[in-house]
Amino acid sequence: MGHFDAIVLGAGAAGLMCAIEAGKRGRSVLVLDHAKKPAEKIRISGGGRCNFTNVNTRREAFLSTNPRFCVSALKGYTQHDFIALVRRYSIAFHEKALGQLFCDGSAREIIAMLLDECAAAGVRIQLSTSIGAVEKSAAGFRIATDKGALTCGSLVVATGGKSIPKMGATGLAYDLARQFGLNVLPTRAGLVPLMVQGGLLEMTSDLSGVSVDARVSIGKTRFEEALLFTHRGLSGPSILQISSYWREGQEVQIDLAPDRDVFAELKAARGEGGRQELHTALSAILPRRLAERVAADSGFGKAAEASTAKSAPLRLADLSDKKLKAVADAVNAWRVLPNGTEGYRTAEVTLGGVDTAGLSSKTMQANDVPGLYFIGECVDVTGHLGGYNFQWAWSSGAAAGRSL
Ligand code: FDA
C-alpha cells in the first residue's frame with residue numbers, strides 16, 4: 001500500500017496547481033483521476049485557447065454565499081503570478097475584451113506547462129483510477145481504488161463540479177464533503193444558455209446564429225456583451241453571465257441596442273420624409289435578420305404586409321408615436337421569460353457546492369477535519385465568465401498546496 005504526504009483527487013486545474021505547490025515544498029504528492037487524460041476541461045476551454053485568467057480579477061467577479069471567502073486565496077496567488085508562470089514557459093497569449101487572457105495557440109500549452117511543473121516538483125499522476133471508499137485513519141486518510149489502497153497525511157478534493165457529465169464530472173466532492181460532516185449548498189448550472197418556449201422559441205430558432213451586442217439584466221445585475229440567438233433560446237457571453245443569477249420564474253430584461261434611443265432614432269427617421277420602411281430603419285440599428293423579425297413581430301412591418309398582401313408597404317410615416325414606441329421597446333426593453341437553462345449538459349460551471357463556512361479561507365482546509373481540503377469548482381465560489389474560474393482554481397489550489 002503506497003503512502004504519500006498528500007493525495008489530490010482530481011487532475012484538473014485546481015488539483016494540478018495544488019500538487020505543484022505542495023511538491024515544490026518537498027511533499028510527496030500523488031494525483032488521482034478516473035479520466036484517461038489530465039485536465040480535459042482546460043483542453044476544451046476558451047474554444048480550445050483557454051481563457052486562463054483575467055487581469056481584472058477582483059472579488060466582485062465571484063458568486064458565493066460568503067462573497068469575502070475568495071479574497072485571501074486570490075491575494076495569495078494572483079492573476080499576475082499565473083501570468084508570470086505562463087511567460088516563463090514562453091506561451092504566447094493575448095488580451096481579448098474585458099481583461100480576458102487567451103493563448104494565441106492552444107490550451108494544450110497550458111496543460112503541458114502544468115504537467116512539466118508537476119514533473120519538476122516530483123508529483124506523481126495516476127490516471128484511469130476509480131476511487132472507492134475514503135476513510136479517516138490514525139495517520140491521515142485511506143483511499144480504496146481499483147488499483148489498490150493508498151494512504152496519505154493530507155487529502156485534497158479537487159474533483160470539480162457537475163458540469164459536463166459527459167467529460168467525467170461527478171458529485172464525488174459533494175459526497176465526500178457530506179461524509180466528513182461538511183455542509184453542501186444546493187448546486188445549480190451556471191454560465192449556461194437559457195431556453196425559451198412557444199412563440200419565443202420560434203423566433204430564436206429563426207434567428208439562430210444571429211449575434212448582437214446587448215445589455216442583459218436582472219434587477220441591478222447587468223452585463224453588456226454579445227448575445228446569440230439559438231435553436232433552443234438565447235446564449236452568448238451576456239446570457240451566460242446572467243444565467244448564473246437567474247432563478248426559475250424570473251424575467252430577463254434585454255436591451256438589443258444599448259446606448260441607442262431607438263424611439264428617438266425612429267422618430268427622427270420618420271421626420272425625414274417617412275418614406276422609409278420600418279425594417280429598413282431598424283436595419284441601421286440591428287443586424288438585418290433581427291431588424292426584419294422585430295418589425296414583423298411588432299405587427300407593423302414586413303410580415304404584416306405579407307399577410308395583407310395587397311396593402312401598401314408600411315412606411316415609418318404610417319406609424320404613430322405609440323406604435324413607434326412599441327417597436328422601440330421591443331428593442332431597448334425586451335423582456336424574456338426563460339423556461340429553464342440547458343443544465344449541466346452544457347454549463348461551464350456549477351454554482352453552490354461545498355459550503356465555505358466549513359473551510360479556512362487561507363488554506364481551504366476543513367475546519368473540523370484536519371488534513372482534509374476542498375479546492376476549485378466544488379467549493380461554493382463561482383466566477384463570472386472571462387477567466388475567473390481558472391483563476392479561482394489556481395488560487396485555491398495554491399492556497400492548499402502551500403499549507404499541507
Ligand atoms: P475540473 O473539472 O477541471 O477537474 C476535476 C477533475 O476531477 C477532472 O479531471 C475529473 O476527471 C476528475 N474527477 C471528477 N470526478 C471524479 C471521480 N469520481 N473520480 C476521479 N476523478 C474525478 N473557465 C475559465 O476560467 N476560462 C475558460 O476559458 C473556461 N472555459 C470553459 C469551457 C467549458 C466548455 C467548460 C465546461 C468550462 C470552462 N471553464 C472556463 C470553467 C473551468 O473549466 C472550470 O472552472 C475549472 O476546470 C475547474 O477546475 P477544477 O480543477 O476545480 O475542476
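Counting convention: from 1, in listed order, for ligands and their atoms alike. Along the sequence shown, residues carry numbers from 1. Heavy-atom basis, side chains included; hydrogens, waters and symmetry copies ignored.
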Atom 11 (O) of ligand 1: nearest protein contact (heavy atom, Å):
Asp33 OD1, 2.7 Å

Between Ser130 and His34, is any side-chain donor less than 3.5 angstrom from a side-chain acceptor?
no

Distance-only polar pair, side chains of Gln391 and Ser395, donor-acceptor under 3.5 Å
yes

Examine the side chains of Glu225 and Gln241 and answer whether a donor and an acceptor come within less than 3.5 Å of each other.
yes

Of all the atoms in ligand 1, which lie at a distance below 4.0 Å from a heavy atom belonging to Ala35?
11 (O)

Is a side-chain donor-acceptor pair under 3.5 Å present for Thr129 with Gln126?
yes

Proximity of Trp394 and Phe390 rings by center, below 6.0 Å
yes

Among all protein heavy atoms, pick out the one at the shortest distance from atom 20 (C) of ligand 1; state its residue, atom name and that distance to 0.1 Å.
His34 N, 3.2 Å

min-distance protein heavy atom vs atom 4 (O) of ligand 1 -> Gly12 CA, 3.4 Å

For Ile131, the ligand 1 atoms whose distance to one of its heavy atoms is below 4.0 Å
19 (N), 20 (C)

Close N or O approach (Gly46, ligand 1; < 3.5 Å)
yes

Heavy-atom gap Ser163 to ligand 1 smaller than 4.0 Å
no

Students should be able to answer this: which protein heavy-atom is nearest to atom 44 (C) of ligand 1, and at what distance?
Glu377 OE1, 3.2 Å

Can you tell me if Thr382 and Tyr388 form a side-chain donor-acceptor pair at under 3.5 Å?
no

Heavy-atom contacts with Gly376 under 4.0 Å: which atoms of ligand 1 show up? List them by number with element.
52 (O)

Any N/O of Ala14 closer than 3.5 Å to an N/O of ligand 1?
yes

Per-atom contacts of ligand 1 with Thr170, taking only distances under 4.0 Å to non-hydrogen atoms
14 (C), 15 (N), 16 (C), 17 (C), 18 (N)

Whether the Thr356 and Asp380 side chains hold a donor-acceptor pair (N or O, under 3.5 Å, no angle test) is what I'd like checked.
no

In terms of residue, atom name and distance, what is the protein heavy atom nearest to atom 53 (O) of ligand 1?
Gly160 CA, 3.5 Å

Are side-chain N/O atoms of Tyr245 and Gln250 paired as donor and acceptor at under 3.5 Å?
no

Provide, to 0.1 Å, the distance between atom 39 (N) of ligand 1 and the closest protein heavy atom, together with that atom's residue and name.
Glu348 OE1, 3.9 Å

Per-residue contact class, Leu172 against ligand 1 - non-hydrogen pairs under 4.0 Å
side chain

Side-chain donor-acceptor contact under 3.5 Å, Ser163 with Glu377
yes

Atom 29 (C) of ligand 1 sits nearest the protein heavy atom Ser45 CB, 3.6 Å

N or O pair under 3.5 Å between Ala13 and ligand 1
yes

Which class fits the ring pair His94 and Phe102: parallel under 30°, tilted 30 to 60°, perpendicular over 60°?
parallel

Taking heavy atoms and a distance under 4.0 Å, where does Ala158 meet ligand 1: side chain, backbone, both or neither?
backbone

Of all protein heavy atoms, the one nearest atom 14 (C) of ligand 1 is Thr159 O, 3.3 Å

Within the 4.0 Å heavy-atom shell around Gly168, which atoms of ligand 1 are there?
14 (C), 15 (N)

Do Lys325 and Asp329 pass the salt bridge (Lys or Arg N to Asp or Glu O under 4.0 Å) test, and can you show the C-alpha distance, the side-chain angles, and the key distance before you say yes or no?
CA-CA 6 Å; Lys325 182 75 172 78; Asp329 281 352; 2.8 Å; yes

With a 3.5 Å cut-off and no angle check, do the side chains of Ser360 and Thr363 form a donor-acceptor pair?
yes

Ignoring hydrogens and angles, state whether a donor on the side chain of Thr187 or Lys162 is under 3.5 Å from an acceptor on the partner side chain.
yes

Ligand-side contact atoms (ligand 1) for residue partner Asn51, heavy atom cut-off under 4.0 Å
24 (C), 25 (O), 26 (N), 27 (C), 28 (O)

In terms of atom number and element, which parts of ligand 1 are under 4.0 angstrom from non-hydrogen atoms of Ile44?
34 (C)

Gly10 heavy atoms, cut-off 4.0 Å: which ligand 1 atoms fall inside?
6 (C), 7 (O)

